[in-house]
Amino acid sequence: MPVHNEDLAAAFDEMGDLLALSADNPFRINAYRRAARVVRGLPEELQARVAAGFDPDDLPGIGADLAGKIRVFLDTGELPGLARLRKSVPTGLRELLALPNVGPSRVRALHEALGVRDLKSLRAALAAHRVREVAGFGPKRESQLEQAVAAHAGHDRRLLRPVASQYAAALLSYLRNVPGIDQVEVAGSYRRGRETVGDLDFLVCSRGPVDIGKALLGYDETASLLSAGPTKSSAVLKSGLQVDVRLVPPASFGSALHYFTGSKAHNIHVRRLAMERGLKVNEYGVFRGERQIAGTTEASVFKAVGLPYIEPELREDRGEIEAAGVRRLPSLVKLDDLKGDLHVHTLATDGTTTLAEMAAAAKRAGLDYIAITDHAQHIGAVHGLDASRLARQLDEIDSLNASLTGITLLKGIEVDILEDGTLALPDRVLGKLDIVVAAVHDHFGLTRRRQTDRLLRAFDRPFVSVLAHPAARLIDERPALDVAWNRVFRRAQERPVYLELNSQPTRLDLDDILVREAIENNVLISVASDAHGAQGFAFLDGGILQARRGWVSKADVLNTRPLREVRRLLRKTFLA
DNA sequence: GCCGTTTTCGGCCCGACTGTTTTCAGTCG
């Protein structure tokens, strides 16, 4: 039975929640949650690794006991002890933990005093105004809870990064103009380059006191103030986005930026490392006893605990601290490293801009070459190219290339991989092109075996160069294909076929974890915009962020290479 | 439940803010 890392992580999370609701040992609870995080962040399916002889005990935070439970779960799909716990704790209580300011203690209090066992019975208790009678609650907590339940506040509402970016930029420029504020940075998951953002974290630096709560109240996008203290304030914007603002003096700016950037798991790891050296790390600095020895810059914080600077995108506690310790951190790819873009559309199919305009826009974006990859005919909805329309486009590209300077257009196509792994255009047509980008656009729900075989069969076609948006996921809309990625990466490396990291904000596919696994298998990555208009090249920065989160360096990326080398790498030395 | 050139037992990151208290527990990041 196939068991995914996510299945195991979800079971560990549930175990942690149910133990917390049982008031179990907090460190034991934390051990389960840490295990969930570690498993979720693994670049390869654990089941396959364990089958190949890997001992889960070797994972950080996994000891003999959890390693045993992992083995049972991989065999049976059952986590030992979980079924029993489900019987003793009403499982509906878990959904209450998602409410703001409601944790295990308050859920337990509601359960014991009022018999609350899920969201529905909590609503009834709120309607009867009985919550205020519970010890530790009062009229204020009762009305907060009412609002939270009414607003379905338990839902995890995360914004796509470019959307959050607009709100961040506006508030950033507002805060920079507040008197007394010297410096403002956006921290949190936004700074780590995550594909979605749950809230915005701002770090404000000033030499004297500043009333941040008042400043937030004066911002015209603020809906309500959640809390306001001398160093920390939170507000909800009219968009529904929560912002947290933290104020520190200059001497603490670096350590505060590090602390506020996270991730939480990364911070905990760094603080443990500091403890081993007899140091204490908090948001105000690095301390030996009472004395501050670092903290004005992030680099000084890392240095104090014996590490080189670690880029924010890597700070997920996925091995970056260990790698930094032995000076094995990758030198991450930068937007400037990109010399071309191998996935671009035009008016000929579902793009909005002509060939010539796309060429000009690409040149303005600093690119030396782009591949024109309109859709092949299979997608009727976008008026896909048939052989004769494609031939006309190729002529047009030839004449444009003859007149253009500073930018070269490659002849390409985005061709569908059909359900059986064959392509939507014949080889005699594809053979005339510089680059063939193949992609899955339907039959997303095939079994893992059939989906994997479908991709591998496409890889075996003679002219396929790149697999576009390999997992075909849409963030929060469509899950990733169920695919045996280890087989895909191995075959991609052998052929070779290059794997795309599609920069569209709703795709960002391959994701950070898969792209890391791909490069570890020596597969080259094509960081592509999939631009459908002249503005589309701007999405490349999001693709680069995702690549950096996947430990990708310049050498791992196909299109950081000059055109001559890319042409050589795209040329197939075999024929059908 | 994990972990260890101070430890195989006794620790486990650390501080801010709120609402409830009358000095603090709970939650959050």
Side-chain angles (χ1 to χ4, degrees), chain A residues 12 15-16 19-20 23-38 56-70 79-81 96-110 131-145 148 187-192 198-203 212-213 225-235 242-248 252 255-256 258-287 301 305 315 317 321:
Chain A
F12 277 145
M15 193 81 177
L19 287 172
D24 207 279
N25 174 0
F27 299 105
R28 184 170 176 234
I29 295 163
N30 189 41
Y32 278 101
R33 293 191 166 147
R34 178 170 185 208
R37 221 170 44 230
V38 166
D57 198 351
D58 291 342
L59 293 170
I62 306 287
D65 182 86
L66 287 182
K69 290 190 164 99
I70 287 175
L79 193 66
L96 303 185
L97 289 175
L99 294 165
N101 300 311
V102 176
S105 294
R106 288 182 190 146
V107 170
R108 230 178 310 117
L110 291 169
V131 169
R132 65 180 67 189
E133 304 159 8
V134 180
F137 286 81
K140 236 172 168 163
R141 287 229 160 93
E142 185 181 80
S143 81
Q144 282 176 345
L145 208 47
S189 59
Y190 183 86
R191 181 160 180 253
R192 299 200 309 279
D199 59 15
L200 288 174
D201 303 303
F202 286 81
L203 182 65
I212 298 294
L225 207 56
L226 293 175
S227 69
T231 67
K232 186 184 170 196
S233 297
S234 298
Q242 181 174 330
V243 296
D244 300 324
V245 182
R246 189 71 185 260
L247 177 70
V248 295
S252 301
S255 41
H258 177 253
Y259 156 76
F260 225 22
T261 296
S263 65
K264 184 174 175 174
H266 170 93
N267 286 350
I268 290 173
H269 197 152
V270 168
R271 288 174 177 192
R272 269 211 314 271
L273 216 58
M275 247 171 22
E276 289 168 13
R277 299 179 150 238
L279 303 173
K280 183 176 75 168
V281 173
N282 58 30
E283 56 266 56
Y284 297 109
V286 181
F287 298 87
V301 174
V305 298
R315 301 182 197 166
D317 197 21
I321 292 170

- dG1(B) phosphate, OP1 or OP2: any side-chain N/O from Lys69(A) under 4.0 angstrom? yes
- Query: Is Thr231(A) near enough to dC17(B) that one of its side-chain N or O atoms lies under 4.0 angstrom from OP1 or OP2?
  - Reply: yes
Provide, to the nearest angstrom, the distance between the [atom1] atom belonging to [X] and the [atom2] atom belonging to [N].
| X | N | atom1 | atom2 | value |
| --- | --- | --- | --- | --- |
| Lys232(A) | dG15(B) | NZ | P | 14 Å |
| Arg34(A) | dG1(B) | CZ | C1' | 11 Å |
| Asp201(A) | dC17(B) | CG | P | 15 Å |
| Asp58(A) | dC3(B) | CG | C1' | 14 Å |
| Phe12(A) | dG1(B) | CZ | C1' | 11 Å |
| Phe260(A) | dA16(B) | CZ | P | 12 Å |
| Leu273(A) | dG4(B) | CG | P | 12 Å |
| Phe137(A) | dT21(B) | CZ | C1' | 15 Å |

- So what's dC28(B) paired with, Watson-Crick or G-U wobble, going by both distances under 3.5 Å? dG15(B)
If you look at every strand shown and take non-hydrogen atoms under 4.0 Å, does [X] touch a base, only sugar-phosphate, or nothing?
| X | answer |
| --- | --- |
| Ala135(A) | nothing |
| Arg246(A) | sugar-phosphate |
| Ile29(A) | nothing |
| Pro230(A) | sugar-phosphate |

Interatomic distance at [atom1], [N] relative to [M], whole Å:
| N | M | atom1 | result |
| --- | --- | --- | --- |
| dC12(B) | dC17(B) | P | 24 Å |
| dG1(B) | dT5(B) | P | 23 Å |
| dC13(B) | dG4(B) | P | 14 Å |
| dG10(B) | dT6(B) | C1' | 13 Å |
| dC2(B) | dT8(B) | C1' | 12 Å |
| dT27(B) | dT20(B) | C1' | 13 Å |
| dT21(B) | dG26(B) | C1' | 13 Å |

What are the two closest heavy atoms between [X] and [Y], and how far apart are they?
| X | Y | value |
| --- | --- | --- |
| Ala235(A) | Leu225(A) | CB-CD1, 4.0 Å |
| Leu66(A) | Ala35(A) | CD1-CB, 3.9 Å |
| Ala274(A) | Val281(A) | CB-CG2, 3.4 Å |

- From the list Arg315(A), Arg271(A), His258(A), side-chain hydrogen bond (donor to acceptor under 3.5 Å, both in side chains) partner of His266(A) resolves to His258(A)
Qualifying residues under side-chain contact (heavy atoms from CB on, under 4.5 Å), relative to [X], sequence neighbours excluded:
| X | value |
| --- | --- |
| Ala265(A) | Arg37(A), Ser263(A), Asp317(A) |
| Val102(A) | Leu99(A), Val107(A), Leu145(A) |
| Gln242(A) | Asp199(A), Leu226(A), Ser234(A), Asp244(A) |

- Message: Donor-acceptor pair, distance only, cut-off 3.5 Å: does the side chain of Glu283(A) make one with the backbone of Tyr259(A)?
- Response: no
- Query: Can you tell me how far CZ of Arg28(A) sits from CG of Asp65(A), rounded to the nearest 0.5 angstrom?
  - Reply: 8.0 Å
- Item | Ile70(A) side, atom CD1; Ile62(A) side, atom CD1 - distance, nearest 0.5 Å | 4.0 Å
- With sequence neighbours excluded, what pairs up with His269(A) under the ring pair (Phe, Tyr, Trp, His ring centres under 6.0 Å) test? none
Set out, line by line, the N/O atom pairs under 3.5 Å between protein and nucleotides 23-26 of chain B.
none

- Query: What string of B, S and - do you get for nucleotides 6-14 of chain B 5' to 3' if you count protein non-hydrogen atoms under 4.0 Å?
  - Reply: ------BBB
- Task: Could you check Leu97(A) against Gly136(A) and say which one's nearest nucleotide on DNA chain B is further toward the 5' end?
- Result: Gly136(A)
